[in-house]
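Input: a single structure, listed below in structure tokens.
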Amino acid sequence: MAHQRCSGGRVSTNRYEEDMAVTGLLAPRLAYFAAVARHEHVTRAAHELGVPQSTLSRAMVRLEQDLGVALFARRGRTVALTTAGRTFLASAEKALAEIARAAGSVQQDADPAHGKVAFGFLHTLGPETVPGLIRAFRADHPGVRFSLVQNYGEAMLERLRAGELDLCLTSPLPDAPDLVARRLDEQRLRLVVPDDHRLAGRKRIRLAEAAEEVFVTLEPGYGLRRITDDLCAEAGFAPRVAFEGEEAETLRGLVAAGLGVALLPPPAVPRPGVVELTVTAPRAVREIGVAWLDGHPDTPPVAQFKRFLLSRRGRLIPEWHAPVQEPAAGPSATAPASAPAAEPGPAAESK
């Protein structure tokens, strides 16, 4: 290997590249140096490391040459650290300890029984879907740990590309050459209106009937916003957007306050002040799938969880039923004739 030294005390124009070059020279020799310093004897250190004594001796000479300082005072077969050697040893031992900790961490994360999965998902899947999935998975893999990230679709895909996530549940499914996506389920979207709205007495609606309504939506860039825009376009209109937000339940609160209507997935817990209407045309659903980085090797726990998710095709999203309205208070338990009937669940709607 060719070794270049800076001359004339000039500072490199690219200090980062210079530092990395020095690190690349020093890093392989740190363990050798620490062993020699610990034994103060090259032969015993070579025996511990399992390398020839001549190889170890040459490595220490080259290390001193690269640093430009003497690390050892040689006394026959033994060596003693110089002042510079003791200073260097303290930092070398810290560096080797950090490397050992890093190695232990990645090995632990890859352990089949106790490893870690970095898993991303949409905010709307957080209250019910994801906790149920993890509970079911951990029934057979109780030691696997999760690092959970909630975000909108595009942000999670960028974190996949950056290596910060192993898998993510997203919608709509990405169509990109560097990603793999598999459809797992679909979720029906409903038109959410205030409970005193002119449409609140309805159970079903064609989306075109809401063309004159003011909408509250997620911000551009969110998958649900794109789906909302596409469904409205299919129904023949562009939505008039009054408010944009970042979270579906916030939008549901804006609807309850009478500030607009929204196309949203069902809530985990029914929200008072709103009515959720089934959209009969166009077909208002969003596909939900799992995505990962193409060609990215899986650790055993990630591979196990990926197989589990793929086994849940068609069973990912819990079935949702609209709440049954309470009968009016009074002498009779019979609801008034004008009260709207409870919306049937998804199974009944598909008949």
Side-chain angles (χ1 to χ4, degrees), residues 100-174 179-188 222-224 246-249 264-271 285-321 345-347:
R101 277 192 288 270
S105 177
V106 297
Q107 289 170 342
Q108 183 182 29
D109 287 350
D111 182 79
H114 301 283
K116 184 172 73 172
V117 179
F119 183 43
F121 51 93
L122 302 171
H123 288 282
T124 50
L125 301 178
E128 188 172 11
T129 300
V130 168
L133 288 172
I134 293 177
R135 180 179 61 185
F137 174 75
R138 281 171 60 92
D140 294 322
H141 305 86
V144 172
R145 297 167 291 122
F146 283 83
S147 174
L148 301 177
V149 174
Q150 289 179 271
N151 216 321
Y152 65 98
E154 288 300 324
M156 286 193 298
L157 299 183
E158 288 308 309
R159 296 187 73 164
L160 275 181
R161 293 183 172 103
E164 298 173 9
L165 291 177
D166 298 310
L167 303 164
C168 72
L169 289 181
T170 189
S171 176
L173 272 61
L179 299 175
V180 180
R182 295 288 182 268
R183 181 185 183 279
L184 297 179
D185 212 339
E186 65 179 30
Q187 188 175 41
R188 191 185 294 270
Y222 284 70
L224 189 56
E246 298 180 346
E247 208 276 322
E249 286 311 300
L264 296 173
V269 177
R271 173 69 183 255
V285 297
R286 65 169 179 172
E287 288 188 330
I288 296 174
V290 58
W292 61 87
L293 193 61
D294 191 21
H296 189 75
D298 293 333
T299 62
V302 172
Q304 291 165 357
F305 190 56
K306 182 189 291 184
R307 286 193 297 270
F308 169 79
L309 290 176
L310 294 175
S311 75
R312 306 282 292 195
R313 285 190 180 99
R315 302 181 293 120
L316 186 77
I317 305 299
E319 188 175 0
W320 183 83
H321 295 273

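The structure places CG of Asp294 at 8.0 Å from CG of Leu179, a figure rounded to the nearest 0.5 Å. Note: Arg161 CZ to Leu293 CG = 8.0 Å, rounded to the nearest 0.5 Å. To the nearest 0.5 Å, atom CD of residue Gln187 and atom CG of residue Leu122 are 9.0 Å apart. Separating the CZ atom in Phe305 from the NZ atom in Lys116 is a distance of 14.5 Å, to the nearest 0.5 Å. Leu184 CG to Arg312 CZ: the interatomic distance, rounded to the nearest 0.5 Å, is 10.0 Å. Expressed to the nearest 0.5 Å, how far CZ of Arg182 lies from CZ of Arg313 amounts to 7.5 Å.
The pair Glu186-Arg183 counts as a salt bridge, with a side-chain nitrogen and a carboxylate oxygen less than 4.0 angstrom apart.
Taking all atoms of both residues into account, the shortest heavy-atom contact from Arg188 to Pro266 is O-CD, 3.3 Å. Here the closest heavy-atom approach between residue Leu157 and residue Ala291 is recorded as CD2-CB, 4.4 Å. Closest approach of Ile317 and Asp185 over heavy atoms only: N-OD2, 3.0 Å. The shortest non-hydrogen separation linking Thr129 to Pro318 is OG1-CD, 3.4 Å. Contact record, Leu165 with Met156: CD1-O, 3.8 Å, taken as the closest heavy-atom pair. Taking each heavy atom of Val117 and Pro301 in turn, the nearest pair found is CG2-O, 3.7 Å.
When Val130, Leu125, Ile288 are each tested for a side chain to side chain contact (heavy atoms under 4.5 Å, CB included) with Leu316, only one passes: Ile288. Screening Phe137, Phe119, Trp292 against Leu309 for a side chain to side chain contact (heavy atoms under 4.5 Å, CB included) leaves a single residue, Phe119. Of the residues Arg307, Lys306, Gln304, the one that meets the side chain to side chain contact (heavy atoms under 4.5 Å, CB included) test with Asp298 is Lys306.
Counting heavy atoms from C-beta on, the side chains of Tyr152 and His123 never come closer than 4.5 Å. Pro112 is not listed as a side-chain neighbour of Thr299, based on a closest heavy-atom distance of 4.5 Å or more. The shortest side-chain heavy-atom distance between Ile134 and Leu148 falls under the 4.5 Å cut-off. Contact check for Pro127 versus Val269: no side-chain heavy atoms found under the 4.5 Å cut-off.
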Would you please test Thr124 and Arg286 for side-chain hydrogen bond (donor to acceptor under 3.5 Å, both in side chains) and show each step? CA-CA 12 Å; Thr124 50; Arg286 65 169 179 172; 2.6 Å; yes
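Remark: the backbone N or O of Ala118 is paired with a side-chain donor or acceptor of Asp166 at under 3.5 angstrom. Although no hydrogens or angles enter the test, the distance criterion places a donor-acceptor pair under 3.5 Å between the side chain of Ser311 and the main chain of Phe308.
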